[in-house]
Amino acid sequence: MGNCCSVQCGLDNFLLRGLDFIGVHANYVWKLKQDLPTLSAALEELKARRVDVKRRVDLAERKLLKPLEEVQQWLSTAGPTITEAEKLIEDGRQQMNNLCLGGCASKNCLSSYKYGKKVNKMLQEISDLMRKGAFEKVAEDPPPAPVVVRPEGQAVALESTIQKVWSCIVETNVGIIGLYGLGGVGKTTLLTKLNNKFSTTPNDFEVVIWAVVSKDYDVGKIQDRIGENIGFPQSWKNESVDQKAIDIYRILSNKRFVVLLDDLWKKVDLNLVGIPEPSQTKGSKLIFTTRSLDICGYMEAKTKIKVDCLEPEKAWELFQDKVGDEALNSHPDIPNLAKQVAERCGGLPLALITIGCAMACKTTPEDWNYAIEMLKRCAVPQMEEDVFSLLKFSYDNLPNAAMRSCFLYCCLHPEDYCIPKKRLVEYWFCEGLLIEFDRISEAQMQSDHIINFLLNACLLENGGEIHGEECVKMHDVIRDMALWITRNSEATENNFFVKAGAQLYEEPDVKAWESVKRMSVMTNKIEVLKETPKCPNLRTLFLSQNELQVISDGFFQFMPHLTVLDLSRNLRLHVLPEGISLLVCLECLDLSFTGISELPIGLKSLTKLKMLDLSYMHNLRKIPQHLISSFHKLQIFRMWWSGYGDYPNEDNVLYGGNEKLIVELKGLQRLSIIRIQKRHALSRKIPEP
């Protein structure tokens with residue numbers, strides 16, 4: 001009897017569990033009518049939540065913040081979930097058709113069961129996503145930018161100074177460090193070594209920033225360089241100086257940073273730039289280089305470290321390396337004479353390198369004795385003049401006057417300016433500095449020789465490529481030396497007036513440059529040229545990269561010998577003054593990137609013109625007929641041609657295409673360089689005459 005009772009109880013339990021199993025699974029079918037509308041509503045809520053989170057992320061990114069990883073993961077999960085839920089709802093119509101008996105049963109029980117189970121699971125997933133997607137914040141400040149390792153120049157005997165600076169860096173009570181010394185002593189090399197040391201030596205700085213300041217520094221350019229290190233987008237450069245300062249300060253004030261500023265010539269207002277005062281609590285650092293101990297005081301440097309010249313032994317090692325064994329071993333007397341030359345350099349690395357390269361081909365004792373005598377005679381009391389006198393030996397040692405003039409011509413460009421070789425050569429040619437040839441195609445050989453010679457003598461540096469054009473540049477000390485030469489030279493051909501990149505808003509006082517031969521006020525903010533200067537000797541005038549709008553008709557009236565005129569990159573200049581027709585000696589006219597719409601017929605008087613650049617003149621609509629063909633000496637012609645637009649019909653070689661222009665160009669027998677570039681990078685090649 002007891003056994004029967006036990007069997008009965010077991011059977012009852014089995015039946016109950018079976019009924020529960022059937023009920024649970026049948027529940028997926030019975031609840032379809034309820035769950036599908038619930039899924040649709042939940043899906044809409046999830047879509048709305050995803051839109052809100054995505055909008056918050058986009059807004060944070062515009063504020064230069066970095067989205068949280070969990071937010072990114074949530075968004076990447078929500079997208080596929082939404083797609084899957086939409087597919088389930090789309091399949092729901094067929095599944096609902098399978099239901100019968102008021103939704104309590106299905107014509108295809110297995111299919112409805114599987115579908116109902118998926119719907120139930122999707123509801124749970126959406127519920128979980130909605131719960132996890134309730135973010136208090138979606139982004140945070142971006143991670144610190146890595147240290148950008150910079151190319152290192154040759155460093156000689158800097159190890160002890162590097163260690164001295166590094167010991168100050170690890171001290172929490174030293175916020176601002178000033179490195180000062182003579183120009184060319186190796187301050188930039190030292191700062192570069194320090195920058196790279198942050199990438200190899202363990203430290204807890206979050207961001208290391210490098211920026212070149214230079215003499216007439218532009219706050220906006222310093223801010224742009226800092227912004228690149230922090231990770232601001234390219235569009236951020238269009239912000240105002242004030243807004244940039246706010247953004248920089250907001251980021252750096254919450255970080256332990258190092259700012260390296262190279263080549264200070266005057267006090268930099270940290271507040272104006274947006275650099276927070278280095279804090280003792282955070283241990284941030286500002287390290288800068290300058291030639292003046294006074295600047296260290298103005299910048300409130302806690303520690304001032306002088307970068308000394310090389311000791312005699314190290315200086316001799318560097319000098320030997322630059323002269324080379326071939327010259328040193330060419331005569332038994334030369335090593336001793338070479339040591340005397342090295343001693344005259346005073347341990348200044350730049351002087352040792354420059355003069356060492358200049359002496360690399362001197363293989364007779366007479367050459368070395370002459371060098372010693374010249375170095376002695378160039379000594380002057382003032383510190384900077386001592387440096388320039390030493391550097392001037394390389395200038396004096398250039399083989400001819402043409403090369404010296406070409407070298408000095410480079411200082412017309414702003415500091416740290418990359419000079420396109422092609423344009424430099426064309427200016428030299430039109431100015432008459434390349435006297436060996438009268439054709440630009442042949443003069444190119446002489447110019448290549450000059451540039452290579454100046455590069456090898458360390459009087460010019462490789463400037464890399466800009467828009468596919470090879471460039472050169474002058475080291476700032478070398479440029480200062482060149483300007484010093486022009487100021488102190490008694491030769492009239494070296495009478496220069498240079499205010500390039502000097503932040504000028506008005507033209508300089510005409511009395512200051514009426515007697516000069518070459519003048520540059522490029523890269524300024526001059527809007528109007530209203531005076532009528534009398535410049536009987538002026539041959540070169542650089543006015544490019546200003547904000548010129550108006551040039552008075554009388555401005556060119558008394559410049560009878562002007563040969564090179566650069567008006568390029570003045571986009572707001574729409575009309576040439578009538579007085580430009582008086583420049584009858586003009587050989588080079590650069591109007592590229594200007595807003596001029598029509599070339600005046602008066603330009604026909606410029607019969608000596610050898611180079612005419614009309615590249616990227618977006619507004620140019622008219623070139624009078626027979627104007628280009630009147631330039632019988634023209635050798636270089638460039639033009640940007642849109643190929644469409646409103647070109648006047650009458651007396652215009654641009655009307656109906658450029659066939660008329662091509663005919664005129666083909667009639668110019670001296671033309672060697674021709675480039676008519678069409679918009680969208682289409683160009684038409686014209687056979688050389």
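Please read these numbers as outputs of a predicted model, since none were measured by experiment.
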CD1 on I209 to CD on E228, rounded to 0.5 Å: 11.0 Å
Kindly indicate whether the side chain of E506, heavy atoms from C-beta on, has any atom under 4.5 Å from the side chain of E527. no
Are any of the side-chain nitrogens in K187 or D262 under 4.0 Å away from the carboxylate oxygens of its partner? no
Could you report the tightest heavy-atom contact between W210 and T188, atom names first, then the distance? CH2-O, 4.1 Å
Could you tell me whether a side-chain N or O of N546 sits under 3.5 Å from a main-chain N or O of L543, the two making a donor and an acceptor? yes
For F407, check ring pair (Phe, Tyr, Trp, His ring centres under 6.0 Å) against everything at least two apart and list the hits. Y395
Side chain to side chain contact (heavy atoms under 4.5 Å, CB included) evaluation trace for V575 with V550: CA-CA 8 Å; V575 179; V550 176; over 6 Å; no
Under the side chain to side chain contact (heavy atoms under 4.5 Å, CB included) rule, what do F496 and L412 come out as? Steps first, then yes or no, please. CA-CA 8 Å; F496 282 41; L412 292 170; 3.7 Å; yes
Can you find a heavy atom in the side chain of L548 that is under 4.5 Å from one in the side chain of L529? yes
Over 12 foreign heavy atoms within 6.0 Å of NZ, K530: no
Work out which heavy atom in C410 is nearest to a heavy atom in L424; give both atom names and the distance. SG-CD2, 3.8 Å
Nearest 0.5 Å, what's the NE2-CG distance between H475 and D416? 9.0 Å
For Y647 and L620, which heavy atoms make the closest approach, and how far apart are they? CE2-O, 3.7 Å
Taking all atoms of both residues into account, what is the closest heavy-atom pair of W513 and P533, and its distance? CH2-CG, 3.5 Å
Applying ring pair (Phe, Tyr, Trp, His ring centres under 6.0 Å), can you list everything that pairs with F555, at least two apart in sequence or on another chain? none
Are any side-chain N or O atoms of D448 and backbone N or O atoms of Q446, one a donor and one an acceptor, separated by less than 3.5 Å? no
Residues P577 and F556: closest non-hydrogen pair is CG-CE1, 3.7 Å
More than 12 heavy atoms of other residues, nucleotides or ligands under 6.0 Å from NZ of K622: yes or no? yes
Where the side chain of N652 meets the backbone of R621, is there a donor-acceptor pair that is under 3.5 Å apart? yes
Donor-acceptor pair, distance only, cut-off 3.5 Å: does the side chain of D651 make one with the backbone of Q625? yes
Step by step, work out the side chain to side chain contact (heavy atoms under 4.5 Å, CB included) result for N570 and F593. CA-CA 7 Å; N570 284 288; F593 292 94; over 6 Å; no
When the aromatic ring centroids of Y427 and F542 are compared, is their separation below 6.0 Å? yes
I'd like to check the ring pair (Phe, Tyr, Trp, His ring centres under 6.0 Å) partners of Y417; sequence neighbours left out, ordered by chain and number. H413
Flag the pair L589 / D613 as yes when at least one side-chain heavy-atom distance between them is below 4.5 Å, and no otherwise. no
For Q503, is there any backbone N or O sitting under 3.5 Å from a side-chain donor or acceptor partner on N524? yes
State whether R638 and E426 are salt-bridged, where the test is any N-O pair (Lys NZ or Arg NE/NH1/NH2 against Asp/Glu carboxylate O) under 4.0 Å. yes
By salt bridge (Lys or Arg N to Asp or Glu O under 4.0 Å) - contacts of E470 (at least two apart): K421
Give a yes or no on whether the backbone of V241 and the side-chain of Q223 come within a donor-acceptor separation of less than 3.5 Å. yes
Ionic contact status for K534 with E514, cut-off 4.0 Å: no
Surrounding CD of E578 (heavy atoms of other residues, nucleotides or ligands, distance under 6.0 Å), is the total greater than 12? no
Can you check whether L483 reaches V498 side chain to side chain, under 4.5 Å on heavy atoms? yes
Do K422 and V425 have side chains that get closer than 4.5 Å, going by heavy atoms? no
Could you tell me if the side chain of V564 sits less than 4.5 Å from the side chain of L541, heavy atoms only? no
Kindly compute the distance separating CG (L583) from CE (M559), expressed to the nearest 0.5 Å. 7.5 Å
Give a yes or no on this: more than 12 heavy atoms of other residues, nucleotides or ligands lie within 6.0 Å of atom NZ of K660. yes
Could you tell me if N238 and W236 have a donor-acceptor pair between their side chains, going purely by distance under 3.5 Å? no
Quick check: does any side chain N or O of N495 sit under 3.5 Å from a backbone N or O of K517, one acting as donor and the other as acceptor? no
Straight-line distance of M445 CE to R439 CZ, nearest 0.5 Å: 12.0 Å
Would you tabulate the side-chain donor-acceptor contacts of residues 595-612 under 3.5 Å, counting partners in other chains and residues two or more places apart, or write 'none'?
unit_1: S605; atom_1: OG; unit_2: S581; atom_2: O; d: 2.5
unit_1: S605; atom_1: OG; unit_2: G602; atom_2: O; d: 3.0
unit_1: K610; atom_1: NZ; unit_2: E587; atom_2: OE1; d: 3.3

Can you tell me if E664 uses its side chain to pair, donor with acceptor, with the backbone of S629 under 3.5 Å? yes
Can you measure from CG (L562) to CE (M519) and round to the nearest 0.5 angstrom? 11.0 Å
Could you tell me the separation between the CD1 atom of I673 and the CD atom of Q444, rounded to the nearest 0.5 Å? 7.0 Å
Close side-chain approach of S592 to R569, heavy-atom, < 4.5 Å: no
Would you verify whether the NZ or CZ of K392 falls within 45 degrees of the ring axis of W484 while also being under 6.0 Å from that six-membered ring's centre? no
Give the intermediate values and the outcome of side chain to side chain contact (heavy atoms under 4.5 Å, CB included) for residues L576 and L567. CA-CA 10 Å; L576 287 173; L567 290 168; 4.0 Å; yes
At their closest point, which heavy atom of L433 faces which heavy atom of R518, and how far apart are they? CD2-NH2, 3.6 Å
Check: D566/S568 side-chain N/O donor and acceptor closer than 3.5 Å: yes
Is the backbone of L398 close enough, under 3.5 Å, to the side chain of R404 for a donor and an acceptor to pair up by distance? yes
Any side-chain heavy-atom pair of W428 and S447 under 4.5 Å: yes
Could you list the residues that satisfy ring pair (Phe, Tyr, Trp, His ring centres under 6.0 Å) with F631, not counting sequence neighbours? none
Q549 (side chain) donor-acceptor with L573 (main chain) under 3.5 angstrom: no
Polar contact flag, side-chain donor to acceptor under 3.5 angstrom, E431-T540: yes
Classify the side-chain pair T594/Y616 by whether it contains a donor and acceptor separated by less than 3.5 Å. no
State plainly whether the residues D590 and R423 are in salt-bridge range, i.e. N to O under 4.0 Å. yes
